[in-house]
Structures are given as structure tokens and as C-alpha cells.
Amino acid sequence: MKTPIELKILDSRIGTQFPLPAYATPGSAGMDLRALVDTDLTIQPGQTILIPTGIAVHVADPSLAAVILPRSGLGHKHGIVLGNLVGLIDSDYQGPLMVSCWNRGSEPFTIEVGDRLAQLVFVPIVQAEFKLVDEFDSSDRGAGGFGHSGTK
Ligand SMILES: O=c1ccn([C@H]2C[C@H](O)[C@@H](COP(=O)(O)OP(=O)(O)OP(=O)(O)O)O2)c(=O)[nH]1
Ligand SMILES: [Mg+2]
């Protein structure tokens, strides 16, 4: 069962030259987002560029959100990841979906118009309400963290 999500096409090349984002296989968790840039562009090592995807989505339901994640091939082989590491799309955001593209590699990387750059994953969200306490019920871990248990 798929969840309906409203989508606006902001760039008419989506739906004509390039398809709407879609799951590549029945088991895919993410849909690839394309670079709807005017012309091919090169990202220099260390440079970060904000890339439009040509679409807007309105998740609407506060118990859902979307995240933008890197594609493993681009990240691992070319150092093309996200300037914000992970993009979080709030359920009430209605603006253009943008990808912050960071070349953390050592070679210039050329993005061609319509290239699949990153992926969009819809996730469930729990909104918390803080309940102030003076003491927590004790747990096995307590305050141990940040590697306190070692590596072996
Ligand atoms: O990679 C991203 C990350 C965010 N957004 C949009 C959707 C998100 O709902 C909005 C705000 O993102 P976020 O809350 O992460 O950024 P902020 O710096 O806290 O901005 P704001 O003050 O607008 O919340 O920007 C994108 O299009 N792409
Ligand atoms: Mg914010």
C-alpha cells in the first residue's frame, strides 16, 4: 500500500524529458531526485552548490517526513554527497525541493542536466512532548556513552 503525497511540477522538463521520481524496483526505499539545472555544471573539490529538483512535495501529515540522502555510488566513488549531510523535509514545507550538493572529493565532478543526484525517502515521525522530571528511572547504561564500552 503506497501513501499518496501531493507533488507539484515546478520545471516542465519533469514529466516530459525526465520522469517523475519513482521507485526503481518494488523494494526500493528511495526515489532518485534529478538535477533540474539549466546547463551542465562542474562542482569543484570542496565546493557546495544548491541544485533544484524541479518539484515540490507537500507531505502534509505531521506523522511523516521525507529525508534526502546521498546515492552510494556518487558518494563512494566520486565524493558527491550532501552539503547538509542529510536533508530533512518537514511535513509542512511546500517550497521547491532542493539538493545541497557537496563535492568532498579531490576531482572536479560534472553534473549533467537531469542526472540522478540524491534520493528521497519518506519516513514515519513521532513528535515528542517533554515531561520534566528530576530523576530518571535507572537504566543499565546510565550516563555511559561516546564509546565508553570500547571496541573489542
Ligand atoms: O536538503 C534539503 C533540506 C531542507 N529542504 C527544505 C525542506 C525543509 O522543510 C526546509 C527547511 O529545512 P531545515 O529545517 O533543515 O533548515 P533550516 O536551516 O532549519 O531552515 P528553516 O529555518 O527554514 O527551518 O528546507 C530542502 O529542500 N532540501
Ligand atoms: Mg528548520
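Quantities reported herein were computed from a predicted structural model and do not represent experimental measurements. Both counts, for ligands and for their atoms, begin at 1 and track the order of listing. FYI, side chains are in, hydrogens and waters are out, and symmetry mates aren't considered; it's all heavy atoms of this structure. If you read the sequence from its start, that first residue is 1, and numbering goes on from there.
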Considering only heavy atoms from C-beta outward, does the side chain of Phe122 approach that of Thr3 to under 4.5 Å? no
Is it the side chain, the backbone, both or neither of Ser100 that has a heavy atom closer than 4.0 Å to ligand 1? neither
Would you say Val121 and Ile125 are hydrophobically clustered, going by side-chain heavy atoms of ILVMFWY under 4.5 Å? yes
Which residue holds the protein heavy atom closest to atom 9 (O) of ligand 1, what is that atom called, and what is the gap in Å? Asp90 OD2, 2.6 Å
Do Arg141 and His148 come close enough that some side-chain heavy atom pair is under 4.5 Å? yes
Below 4.5 Å, heavy atoms only, C-beta onward: do Val86 and Leu69 meet side chain to side chain? yes
Return yes when Gly95 approaches ligand 1 closer than 4.0 angstrom through a heavy atom, no otherwise. no
Kindly state if atom 23 (O) of ligand 1 has a protein heavy atom within a strict 4.0 Å cut-off, that is, under 4.0 Å? no
Counting distance only, does the side-chain N/O of Asn103 pair as donor-acceptor with the main-chain N or O of Gly105 below 3.5 Å? yes
Hydrophobic cluster membership, with links at side-chain heavy-atom distances under 4.5 Å among I/L/V/M/F/W/Y: are Trp102 and Leu97 in one? no
Okay, side chain of Asp32, backbone of Gln119: is any donor-acceptor separation there less than 3.5 Å? no
Check whether any side-chain heavy atom of Pro21 sits under 4.5 Å from a side-chain heavy atom of Leu120, and report yes or no. no
Do the side chain of Asp11 and the main chain of Arg13 share a donor and acceptor less than 3.5 angstrom apart? yes
Mark up the atoms of ligand 1 that fall under 4.0 Å of a heavy atom belonging to Pro96, in ascending order. 27 (O)
Please identify which atoms of ligand 1 are closer than 4.0 Å to at least one heavy atom of Ile68. 1 (O), 28 (N)
Protein heavy-atom partner closest to atom 5 (N) of ligand 1 - residue, atom, separation in Å: Ile89 CD1, 3.6 Å
heavy-atom search around atom 8 (C) of ligand 1 in the protein gives Leu88 O, 3.2 Å
Mode of Asn84 contact toward ligand 1 - side chain, backbone, both, neither (heavy atoms, under 4.0 Å): side chain
Suppose we measure from atom 27 (O) of ligand 1 to each protein heavy atom; which comes out shortest, and what is that distance? Met98 N, 3.1 Å
Can you name the atoms of ligand 1, numbered from 1 with element, that are less than 4.0 Å from a heavy atom of Gly87? 1 (O), 2 (C), 3 (C)
Does some non-hydrogen atom of the protein lie less than 4.0 angstrom from atom 1 (O) of ligand 1? yes
Got a protein heavy atom sitting under 4.0 Å from atom 18 (O) of ligand 1? no
For atom 25 (O) of ligand 1, what's the nearest protein heavy-atom neighbour? Residue, atom name and distance, please. Tyr93 CE1, 3.9 Å
